[in-house]
Each structure stands twice: as structure tokens, then as C-alpha cells.
Protein chains: 2
Amino acid sequence: MTSTEPMGMELGPRVRVDLQAVADAASVHRSTASRALNPATRHLVAAEAVARIEEAARALGYRRDDLAASLRTGRTNLIGVMVPDIINPIFAPILQGVETALARQGYSALVANAGNDPARQLGVAEQLIGRRVDGLILATSAEDDPIVAMCVQQDIPAVLVNRAERAARLPSVVSDDFEGMRLAVEHLFSLGHRRIGHVAGPAHLSTGVRRRAGFEAAMRTLGLEVDAIVTAGAYQRGAGAMAAAELLDSFAVTAIAASNDLLALGAYRAMAGLGLSCPQDVSIVGHNDMPLVDMVAPPLTTIRIDPLALGEKAAALLLDWLGSPPGMEPRAVQLVTKPTLVVRGSTAPPFSPPAPRSWPG
Amino acid sequence: MTSTEPMGMELGPRVRVDLQAVADAASVHRSTASRALNPATRHLVAAEAVARIEEAARALGYRRDDLAASLRTGRTNLIGVMVPDIINPIFAPILQGVETALARQGYSALVANAGNDPARQLGVAEQLIGRRVDGLILATSAEDDPIVAMCVQQDIPAVLVNRAERAARLPSVVSDDFEGMRLAVEHLFSLGHRRIGHVAGPAHLSTGVRRRAGFEAAMRTLGLEVDAIVTAGAYQRGAGAMAAAELLDSFAVTAIAASNDLLALGAYRAMAGLGLSCPQDVSIVGHNDMPLVDMVAPPLTTIRIDPLALGEKAAALLLDWLGSPPGMEPRAVQLVTKPTLVVRGSTAPPFSPPAPRSWPG
DNA sequence: ACTCTTATCACAATCGATTGCAAAAGCATC
DNA sequence: GATGCTTTTGCAATCGATTGTGATAAGAGT
């Protein structure tokens, strides 16, 4: 191609081999080559020609330009996936599930780490749409989310995962957060705990809201007083530590149900700071069963939500939508999976003298 | 000229608004609109026209089709990122670093979870290239990797991260694995350990090979016998547990330096199985300082490698490459970052008497 | 007044594939 | 050998942007 080659050492295909080149080599028209190379249209081409074309393609090292194909067909086979924080271990298995489900149908995930700021999130979503993703999977959704509004308004297929909205404007796949907290509370109750506190997640996220509601309902059903609740500012260890410290300081609880494993780990830290030990002084239940929480000290009792399945189902739902004829899209589907209790070392019966409410300096 | 819809609040963009529509609305040619909307060519258009075109674009809700632009320009602003296992917590911060560095320059990451099977990995790489990514970042590379061969042969810009090849066919960004093991071994030595074992990583991965080499060199330098080495089949907890069990069974070591945090956690499990406790009976050092290893029991002493910086540097290197004039590409750059030792609770002097439980305070 | 710039913009080709339509070829039947 | 049918293939439009080239007009300099 260029004359910048120092010598006539022509190695590798200097010219881009496109469909035209393959067609030429096989002495057919571009369109015939296109049909022969596409499994869906291959039957329209004579078997003998298909063989010739495939041979030519292999010989030339042809690789289809999905970009050009997408421009023509209007479909990119790309799904935009938005997560708030890729380092939060809960999202890795969700991504894993999404990816495998998408891959089965020839789709790929365009993963965007969008952060927690709604404005930035919106910008990231716009970018994804500009890249003409065929749909979105949102693990970022707030209880009332501007991205969801945009998707609905502009008719962009999207599915929520892990977090849902208050209103069901889009399909969603979430764990039964309400039920999860019931499991946690009843487990603690059955161990003998009566004064149980809750470190709640952010009030603008469905997980925060519903788990708190589940906690309150379960407590009331058991006839327990529900007052020991402190809300953490974010699903992070630091926020959990602060909230737990406040909780332990203000209420004489013997157990804590946290809205999330990271918050539970934060509670561990808070307890260490107060000289309390788990589960001797206070039992703790997390939520999500994140990777590695079985290895912490003590191993965390938690609510398992199978995030892999969550991701897979969300992807499947979105692919259903994309494959549905107009008017038949599954816009109202709200999938809810059942969580299970995983008992480990962070919960135990309360000791006879309840944990003291304050410590002398 | 199309009849302009006089009613201003015509809801729902029934027709796709493309550049032509904007151009029509602003009474200019497509090409002018294109130039006006592109910051790099905006100066070629009269300021007054730019204003008119931008106004029209906003009014119509125009959003550029990056796909079409990419087809024409030959650049997608997409970087393919391959990881072997997205659930392995070491990759999350690497991805984070890659993403932020890419985002700064308007690029996005197309993350592919490629697994550990070389054949599948190759297929995934082909897919990414078929989507016309501008370059690849490989966190999957083996010591002699077929994907690297393909990239070199087909002249596809690619950078290795975390794992490098034996031969330096492509730029890479890795932690100094050799040095990391030296830190680990010297730390154990300074505590008084003399019989130190190594749970090695897979021999086909650079991290496995170089950390093992670092271990052996450090041991020799200290005049210690280097025979207690068992290789794990994969960087997974189960494999680490098996390897550690064999190691503890065959050698009277008082300390283990593991090639990786997951292997170290596997060693915890093996020790529990053998009724040994850490660090009283055996000290353990991990490698990587994965998220959460500060919370396990006991908190893991490990080698920190700052994976975020690794990711950022890899992305920066690739972007440099993409921005370089032909012939000036940084093909030979091998960046090596210095790891640091993080001392926690899993290491102590050998044969220490059972320490009284004294919590930090 | 004339030429020479310079700024601005329109024209049309181009990227590489897909696909509706119609032509051509093969084949059997009457 | 004309007709009708099916199978196979070629033609050309199309997706939505970018960009090299040249036309036009305005302004500057002599």
C-alpha cells in the first residue's frame, strides 16, 4: 500500500480485505458473498458457491466488519450495562450473569462504570445510546430515576437489575428484599434476640427502602419494638461503620440486621472500635452474600441473593424484549427471586447480660 | 425542503433525526452541519451558522450516530478489555483504572469476560476485533499467548496488564513480581522464619513464573534451602487449599508465601482442615492486596500492587500508541511498578506462644 | 480595476456491509 | 418450443456520518 516499506518484504495483508475482495476471489457478486457468509441467509445460495466463498474468505483471512453491518441493519448486538461502582463486589457476579446470557445469543456487554452522581450517570447513558446499543441494563437505578424516564420517553429497551424503581416503568429483576429482611430478623429472633437494630441503606435506593420496610414489618409481626434504625449514607464500609456506631451508642441492641454486606462489615469495624466482639456481644446479619464474606472474622451470616441469576434473568428479559414484535414487549414484568438465609459465625444467641449500652471512658 | 412542522410541541420524534434533518432545519448542507457540530472542525464554519445549527440540533433532539461516524472515520473510540474472570476481585480495580483513563479521552471499554481457555479467549478476541475496537488491553495473557501473536501479526494495537509475556512482543504494565516476593520472603525472614514454603501460581502465567523465581532468588540470597514449593493449578481458593495442604503435609514449614491472595485464602482453609492456626502455627503472606483481605481472619499480610494504577497506565500506554504517528509506536515499553509490603495479622514470629486475646485498644 | 487571499459552504465520494427486487438459469410439463 | 415454476444470482439503494475538492463571495492590497 504505502511506499514507506523499506524493502519489498510484503508480509501480512497490507490491504483491508472486505466483502468485495472475497466476492472477487470467488467470482461472485458482493451480495452473494454476503448471503453465503451469513448463516441466516446461506440457504439462498447454491451449496457449491457457498463452499467456494467460504474457502476464499478463509484464504484471504476475511473478517466481517460488524460496524458496517450494524449501520445497515440498525442493530449492534451490543447491550449497555451501567453499574454504579464496579469495585463493589456485588456487581461482579451480576455482570458475569449478564455476560453469559448475552453471549449465548451473540450479544456483548458494553459495561460502563457510571458512579453515583445522577448527572454523570445520565451522561454515560447518553454515550451508550449514542453508540447505538440495542438496549440497556441498569444496575444503577434510584427509586425515581432520570435515566429510566429517558428510556421510556425515547422508547429505548431497558431492564433494571438488583435495584428497581418505585413505579414499575420498566421490567426489573430483583431479589425479594422484603422477604430477605424477614429471614434475617426471624433468624435472629429464633436465636433469642429481642432487641434488634437495623443499619439501613440509602433511602433513595429501592434496596434501602424495601429492606427497611421488610425489617419493620418482620419486627412488628413478632411483636418487637422497631425503633433502632440508623440509615447509612452509602453502601460502603465507612458509612456502615458510622451508622453502626451510632446505632450501638443509642440503643441496647443485641443484634443488627444490615441492609448490605458492606454495611455489615462496617459494623464489624464499629464494634471493634467500641471493644465489642461479634457474635459474643452483638450478632450481625448481612445481605447479598458477597464473595469473600465467608472468610471474614467472624464468617458473616447473610442473605444470599444469587446475583448471577439476577444478571442472567435481566439479560434474558431484555433479549426477549428485543425479539418481541412491536406491541408485545414485556414492559411490565417484575421478576422477584427468593433469597435464602446463610448461617455462619456472626450470629449466636445473646448472652445473659445484654450488651451494655455505654462504656466508661 | 421539507415542510417544517409549525406546531412547536410535536411530541415523540416519530422520524429518526439525523444530520440531514438538522441541516435542513438550519438551512445548510449536511457537511456544514457536520463540521459545525464537531469541535475539531467547528472553526471552518461561520460563527453565526454554528449557532443556528446548534440551536436546530438541540431543538430536534439530535444525537450523533457514532456508528456511522466510526464507519467513515475508521475509529470507534472503543477499547476491548479482556479479563479471564471478572469475579476475581483483583480485576475490578484494574478495570476501574482502565475505564477512568479511557474516559478522559472519550474512549469506552468493551469488557469481555474471556475465561481461562485459550481457544475461547481467541474467539472472544476475534469478536472484539470484529467490532472494530481501536485497540486491546489484555489481562489474560499467558507466558506465550496466541492472542498476542495475532495482534502482532495483524498489527492490532494492544497492551498487556498485570500479566506479561516471556518475550516482550507488546507493551506491558505489571507489578514487579520478582521484587514482591523478595519483600514477602524478607519480611518472613526478619520475623525469624527459616523454613519457608511457596504456593506457586500456574506455570504458564507470568505472575506464577516470576513470583516463583523471586521467591527462589530471595531464599537463596538469604542462604535458605528452597525446596518447599507446590504449584497450584489455578488462581482459585480451591486450588490454593489443595496446594497448601500438600505443602504442609510434605514440609515442616513455619511460613508460606503464596503467589496470590486467593491462594493464600486457600491456605487458610487448608490449615483449618489440618487443625493449624495462623499465625501461631504457620505465617502466611499473600500477594495483590485484593479488596476485603484486610477483613478476613486473620487479616492477611500481603503485597500491595495498586491495580488501579496498573489499569490506568495500561490504558494510557495504549492511547499513546493510538495517538502516535506510524513508526513511533511504543511497542517495546515494559512498565514495572514497585509493590509494597502490607503487614497485617497473618504473619508473626515462628513458634510464638498462644498470644492472649488482646484486641486493639 | 484587477488580482490574490481568505473565509465559507455545497457537492459528491466514501466507509463496508445488507436486502428488496428483478433478471437469469435450470427444469419439468404439456 | 412455449409456459410456468423454483432456485440462484446480480443490481443498486441504503444505513448516517466525514472529508477532499472546488465554487463563490467578500475583503485586502497595489
Side-chain angles (χ1 to χ4, degrees), chain A residues 1 13 15-54 56-57 60-78 106 129-134, chain B residues 1 13 15-54 56-57 60-78 106 129-134:
Chain A
M1 185 164 111
V15 295
R16 175 102 99 195
V17 345
D18 58 2
L19 198 51
Q20 185 66 62
V22 176
D24 288 349
S27 314
V28 293
H29 193 263
R30 270 210 319 283
S31 60
T32 304
S34 170
R35 282 187 266 258
L37 263 21
N38 182 343
T41 52
R42 182 167 304 155
H43 65 281
L44 295 170
V45 178
E48 185 271 337
V50 170
R52 216 170 58 240
I53 292 166
E54 281 184 332
L60 294 176
Y62 171 72
R63 195 186 283 135
R64 187 177 88 163
D65 188 328
D66 288 327
L67 214 60
S70 290
L71 176 58
R72 172 62 224 242
T73 63
R75 295 170 62 261
T76 54
N77 283 17
L78 273 182
I129 295 169
R131 293 201 192 273
R132 290 292 181 261
V133 295
D134 291 340
Chain B
M1 153 137 190
V15 295
R16 176 102 102 193
V17 334
D18 59 3
L19 197 51
Q20 184 68 61
V22 175
D24 288 349
S27 316
V28 293
H29 192 262
R30 271 210 317 283
S31 60
T32 305
S34 170
R35 282 187 260 259
L37 262 22
N38 182 342
T41 51
R42 181 165 303 157
H43 66 279
L44 294 170
V45 178
E48 185 270 335
V50 169
R52 216 169 59 239
I53 293 166
E54 282 184 330
L60 294 176
Y62 171 73
R63 193 184 286 137
R64 186 177 90 160
D65 188 328
D66 288 326
L67 213 59
S70 291
L71 176 59
R72 172 62 223 244
T73 61
R75 294 169 63 264
T76 55
N77 282 18
L78 273 184
I129 296 168
R131 293 200 192 272
R132 291 288 181 269
V133 294
D134 291 340

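Protein chains get the first letters and strands the later ones, always in sequence-line order, with residue 1 at the start of each. Here the structure is a predicted model, which means the values were calculated and not measured.
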J.: Are side-chain heavy atoms of B:L71 and B:R132 found at a separation under 4.5 Å?
T.: no

J.: Take B:L71 and B:E48, find for each the nucleotide of DNA chain C with the closest heavy atom, and name the residue whose nucleotide sits nearer the 5' end.
T.: B:E48

J.: Between which nucleotides of DNA chain C, read 5' to 3', does contact with chain A run, using atoms under 4.0 Å from its heavy atoms?
T.: C:dG16 to C:dG20

J.: A:R35 side chain to A:R30 main-chain N or O, any donor-acceptor pair under 3.5 Å?
T.: no

J.: Is there a side-chain contact between A:E54 and A:R42 (heavy atoms, below 4.5 Å)?
T.: yes

J.: Looking at residues 21-37 of chain A, who's got a heavy atom less than 4.0 Å off DNA chain C?
T.: A:R30, A:S31, A:S34, A:R35

J.: Determine the contact category for A:L44: base if any of its heavy atoms lies under 4.0 Å from a base atom, sugar-phosphate if only primed atoms, P, OP1 or OP2 are that close, otherwise nothing.
T.: base

J.: Is there side-chain contact between B:L19 and B:D65, with at least one heavy-atom pair below 4.5 Å?
T.: no

J.: Say whether, by atom type as modelled, one donor and one acceptor occur between the side chain of A:S70 and the main chain of A:D66 under 3.5 angstrom.
T.: yes

J.: A side-chain contact here means heavy atoms from C-beta on lying under 4.5 Å apart; do A:N77 and B:R131 qualify?
T.: yes

J.: Under a 3.5 Å distance rule, please check whether A:D134 uses its side chain to pair with a backbone N or O of A:T76 as donor and acceptor.
T.: yes

J.: Any sub-3.5 Å donor-acceptor pair from A:D18's side-chain atoms to A:A21's backbone N or O?
T.: yes

